[in-house]
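Structure first, then comments.
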Amino acid sequence: MTTFKAPVRDIDFVLNEVLDYQAHYKTIAAGAEATPDMVEAITAEAAKFAEEVLSPLNKVGDEEGCTWNDGDVSTPTGFKEAYQMWIDGGWQGLSHPTEYGGQGLPMSLGLIKSELIGTANWSWGMYPGLSLGAMNTVYVHGTEEQKNQYMPKLCDGTWTGTMCLTEAHCGSDLGQMKSKADPQPDGSYKLTGSKIFISAGEHDLTENIIHIVLARTPGAPEGTKGISLFIVPKFHVNADGSLGERNNVKCGSIEHKMGIHGNATCVINFDDATGYMLGTENAGLNAMFTFMNTARIGTAIQGLAASELAYQNALPYAMDRYSMRSLSGTKNPDKPGDAIIHHPDVRRMLLTAKAFAEGGRAMIYDAAKYSDHMVQADTQEERDAAENELGFLTPILKAFLTETGLESASNAMQVFGGHGYIKEHGMEQIYRDARIATLYEGTTGIQAMDLIGRKVVLDGFKLYGGFCKKLYKFGFKNLLGGKRRGYSAKLIGYTVAWNWHTVKMVARASKNRDAVGAASYDFLMYSGYLSMAYYWAMMAEVAATKLASGEGDAAFYQAKLETAEFYFSRLLPRAKAHGGSMGSSTDSVMGMDLERFTVR
Ligand SMILES: Cc1cc2nc3c(=O)[nH]c(=O)nc-3n(C[C@H](O)[C@H](O)[C@H](O)COP(=O)(O)OP(=O)(O)OC[C@H]3O[C@@H](n4cnc5c(N)ncnc54)[C@H](O)[C@@H]3O)c2cc1C
């Protein structure tokens, strides 16, 4: 069974020493409440809940899974009690407006909570996690009446929310969606259709579930331009907020799947179910993007969580498993062999997971500042600017951190040798649970196309240019006056190479549009390695400065510097290979005729 210790010192380092969150909180209204004491108290309480309540349920959830009985779904033993503690603690509305019963704290504080909960028990965390997306969507796109009707109970956690997009024939290409919404004389709609793979779509944790559903109104244009968004409650809600009759929404079945067994993945059937339009007709997909971006950052956290949990659990094993003698001389003479942590290859695997976890944390928490600005902006212009910046980073965070999370989980399993493949230690569960993260909320391939297509080329390189400028600015500043000038030089060099590969790829795309798709995955991975290098360079500067001043915990800062060195020496060079692939001919991917794919 895995164990979890909340990495509170590292979170504190990232928030306060690297990203200066207290300065950031002075720039947003909700930040006034987020004093250092408040942030520390919330982190400590979330850590306690994650370590003591959720972590022990991680294995229970995996082994028991959810059960379906004629439309009702039971969650694993202990999930319901843990959820009640979540409600009692007032956690769900932490970052939501006080007018709806939330605590009005910044969105970024909610991410700390999500990281700790998700690392301890991802399956459990998905129930309140999906609900956060529903809350954001209703809050941003709902009418005053809808907000008053749904937000209070979503905020206090009495109800949860879902996101119903996928249908059997389409997940990535939602333009093919078929669910129908027929307008009724009273202004409501009757929804008919079947959604599949709906996370937390049915469960026994709450009295009501608010489904956020994509469907088409009669005569709507084909494709993505004809999709609208609806609120469809499991139980009708009376004007006074009390529960009414059961709506015609039913869970047809739950999936039997590779991992995240504790979270119900449901077929949800809408059979003339009453729904209410959210936002404007035919603009549903855009409105849903509020939801998707929140969920995608949430899924990026799943990648970070996998790296963290994998590292934490592989480390003690590597210290306490003895095999052969170290190449550089005996280290444990009283044992029949040396602890495997003395073998370079085992260290490579551990350091890879450590570097991805700590680098990923800095990437996510820095991006979270944009989500604070999005919610707290005074003007639409400021809101749009923050949303665009976050939108550019989202595919990198989501795809790169989930791919690297999966690699960490695989490496950590490998540290255990054959024992990693056996259920007892829980390492294979980390891998199985993490595997979904590169698939849902837009596969890595879809994120890569979104990044290079919408966020770079169609944006006219504006956000891309701004991002590069940030890297150059940091690089040149520290090349002259920093403590780790070598890292700044590398950062500049890799950014120049990235620009060059991008220009070449765009030039090829002007002759052959497939050039973009053929390069997209490598472009995304290059972006990921480069962004993470930026944060490792930043963390190394802080750690080197602190060490030089003799302030604080020297072992902590020394470990940061050594992990940064590993990142720059051993992981960042992978970007060169991605650059090389990006620069290769499109024909090497698209040249083979379909007939020649045939197995002979
Ligand atoms: C456990 C689980 C939980 C889920 N939870 C939810 C949920 O809560 N709500 C919800 O609505 N959905 C949910 N999903 C659905 C999930 O988001 C989709 O499965 C996912 O988006 C992929 O869609 P698809 O399965 O239809 O694959 P497809 O869209 O058929 O894709 C198949 C492959 O083709 C690739 N591909 C497709 N189009 C392109 C393109 N243009 N360029 C490059 N590559 C392309 C994809 O990357 C993928 O590799 C969940 C799925 C699972 C398994």
Side-chain angles (χ1 to χ4, degrees), residues 5-24 36 39-40 43 47 108 111-112 115-116 119 304 307-308 311-312 315 341 347-369 397 400-401 404 408 470-495 528-575:
K5 178 179 171 297
V8 285
R9 173 66 185 101
D10 202 58
I11 291 175
D12 176 61
F13 171 73
V14 171
L15 292 185
N16 296 317
E17 297 176 55
V18 182
L19 301 176
D20 196 359
Y21 250 74
Q22 281 305 312
H24 162 70
V39 177
E40 198 184 318
T43 309
S108 52
L111 281 189
I112 303 174
E115 181 199 330
L116 297 176
T119 313
L304 151 62
S307 290
E308 178 67 41
Y311 174 69
Q312 282 196 15
L315 181 62
I341 194 155
R347 282 175 167 246
R348 170 190 65 79
M349 294 188 280
L350 288 169
L351 283 166
T352 300
K354 182 170 163 56
F356 284 149
E358 293 172 16
R361 180 169 297 119
M363 286 168 79
I364 289 176
Y365 287 0
D366 199 22
K369 288 180 177 172
L397 294 170
F400 179 70
L401 293 183
T404 52
S408 301
K470 194 165 72 172
L471 304 192
Y472 283 131
K473 196 173 155 198
F474 176 91
F476 282 114
K477 180 171 164 249
N478 289 289
L479 189 62
L480 299 175
K483 291 203 161 2
R484 286 291 180 274
R485 294 177 191 190
Y487 297 163
S488 298
K490 281 189 181 173
L491 196 61
I492 295 166
Y494 276 87
T495 312
Y529 281 111
L530 182 60
S531 325
M532 197 177 265
Y534 170 58
Y535 290 96
W536 269 115
M538 228 190 262
M539 291 194 283
E541 277 303 319
V542 174
T545 308
K546 288 282 165 87
L547 266 182
S549 72
E551 262 180 64
D553 178 358
F556 177 84
Y557 296 122
Q558 190 61 40
K560 270 290 163 217
L561 285 180
E562 285 156 353
T563 314
E565 181 57 28
F566 178 82
Y567 185 82
F568 274 94
S569 310
R570 300 275 168 170
L571 296 178
L572 181 61
R574 293 179 183 185

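Note: L351 CG to Y311 OH = 7.0 Å, rounded to the nearest 0.5 Å. Here the straight-line distance linking atom CG of L547 with atom NZ of K560 works out to 12.5 Å at 0.5 Å rounding. In this structure, the separation between CE on M538 and OH on Y487 is 15.0 Å, given to the nearest 0.5 Å. With values rounded to the nearest 0.5 angstrom, K483 atom NZ is found 5.0 Å from T545 atom OG1. Put simply, CG on L350 and OG1 on T563 are 11.0 Å apart, with the number rounded to the nearest 0.5 Å. For the atom pair L530 CG and T495 OG1, the distance stands at 4.5 Å (nearest 0.5 Å).
Crowding of K5 atom NZ: a count of heavy atoms from other residues, nucleotides or ligands under 6.0 Å not exceeding 12. Sparse packing is recorded around CZ of R570, with 12 or fewer heavy atoms of other residues, nucleotides or ligands lying under 6.0 Å away. Taking a 6.0 Å sphere around CD of E40, one finds it holds 12 or fewer heavy atoms contributed by other residues, nucleotides or ligands.
Taking every heavy atom of both residues into account, L304 and A357 meet most closely at CD1-O, 3.1 Å. Across every non-hydrogen atom of S408 and S307, the tightest pair is OG-OG, 2.8 Å. Minimum heavy-atom separation, G475 to I492: C-CD1, 3.6 Å. Shortest non-hydrogen contact noted between A540 and L561 is O-CD2, 3.4 Å. Residues R484 and A544 come closest through the heavy atom pair NH1-CB, 4.1 Å.
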Between T404 and T352, does a side chain to side chain contact (heavy atoms under 4.5 Å, CB included) hold up when you go through it step by step? CA-CA 9 Å; T404 52; T352 300; over 6 Å; no

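The salt bridge (Lys or Arg N to Asp or Glu O under 4.0 Å) search around R361 returns D10, E115, E308, not counting sequence neighbours. Here S569 pairs with E565 under the side-chain hydrogen bond (donor to acceptor under 3.5 Å, both in side chains) rule; sequence neighbours left out. For F400, the ring pair (Phe, Tyr, Trp, His ring centres under 6.0 Å) criterion is met by Y529, not counting sequence neighbours. Checked against side-chain contact (heavy atoms from CB on, under 4.5 Å), A533 has the following partners two or more places apart in sequence or in another chain: L491, Y567, F568, L572. Residues satisfying the ring pair (Phe, Tyr, Trp, His ring centres under 6.0 Å) test with F474, not counting sequence neighbours, are Y534.
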Quick one: side chains of residues 11-24, donor-acceptor pairs under 3.5 Å with protein atoms, not counting sequence neighbours, listed by atom name and distance.
| from | atom 1 | to | atom 2 | distance (Å) |
| --- | --- | --- | --- | --- |
| D12 | OD1 | N16 | ND2 | 2.6 |
| D12 | OD2 | R9 | NH1 | 3.3 |
| E17 | OE1 | K546 | NZ | 3.1 |
| E17 | OE1 | Y557 | OH | 2.6 |
| E17 | OE2 | R9 | NH1 | 3.0 |
| E17 | OE2 | R9 | NH2 | 3.0 |
| E17 | OE2 | Y557 | OH | 3.4 |
| D20 | OD1 | A23 | N | 3.4 |
| Y21 | OH | Y365 | O | 2.4 |
| Q22 | NE2 | A34 | O | 3.0 |
| H24 | NE2 | D372 | OD2 | 2.8 |

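Remark: the backbone N or O of N478 is not paired with any side-chain donor or acceptor of R485 at under 3.5 angstrom. For the pair W536 (side chain) and A355 (backbone), a donor-acceptor distance under 3.5 Å is present.
The shortest side-chain heavy-atom distance between L401 and M532 falls under the 4.5 Å cut-off. Side-chain contact check for S531 versus L471: every heavy-atom pair is 4.5 Å or farther apart.
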